[in-house]
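Heads up: numbering here begins at 1 and tracks the sequence. Just so it is clear, the model here is predicted, and its values are computed rather than measured.
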Amino acid sequence: MALALLAWEIVTAKLMLLPPPFFAPPQALLEAYLDDWPRLLDCVYHSSVLLATGYLIGAFAGFLSGVAIGWSKIALIGAIRCCA
């Protein structure tokens, strides 16, 4: 692991073989995490809220669709024809 980080640091920060905006050195990433952690936590919180909201809406819609299909007489007749 240490050799991989060392190689990453050398290739990105020292030799500049990879473009800096797309391949940041490990030290720059660590500095960004340490400097901007309140903003990162806020973004993680808001992303989690969006994820949970979408999941709950999808679960509710799936539950309602399942109940509607289960109570449908057309679906019941189709299942009997299919499996008989």
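The shortest side-chain heavy-atom distance between Leu17 and Thr12 does not fall under the 4.5 Å cut-off. In this structure, the side chains of Tyr55 and Leu50 stay at 4.5 Å or more apart for every pair of heavy atoms.
Hydrophobic clustering of Ile, Leu, Val, Met, Phe, Trp and Tyr side chains at less than 4.5 Å, counting indirect connections, unites Ile10 with Leu18. If you chain together hydrophobic residues whose side chains sit under 4.5 Å apart, Leu30 and Trp8 never meet in one group.
In this structure, CG on Asp42 lies 12.0 Å from CG on Asp36, to the nearest 0.5 angstrom. Atom CG in Leu15 sits 10.5 Å away from atom CD in Glu9 (nearest 0.5 Å).
Remark: Leu3 CG is loosely packed, at most 12 non-hydrogen atoms of other residues, nucleotides or ligands lying under 6.0 Å away.
Pro19 pairs by the side chain to side chain contact (heavy atoms under 4.5 Å, CB included) definition with Pro21, Phe22, Phe23, not counting sequence neighbours. By the side chain to side chain contact (heavy atoms under 4.5 Å, CB included) test, Val67 is found to be paired with Phe63, Trp71, residues two or more places apart in sequence or in another chain being considered.
The nearest pair of heavy atoms linking Ala28 to Ala24 is CB-CB, 4.4 Å.
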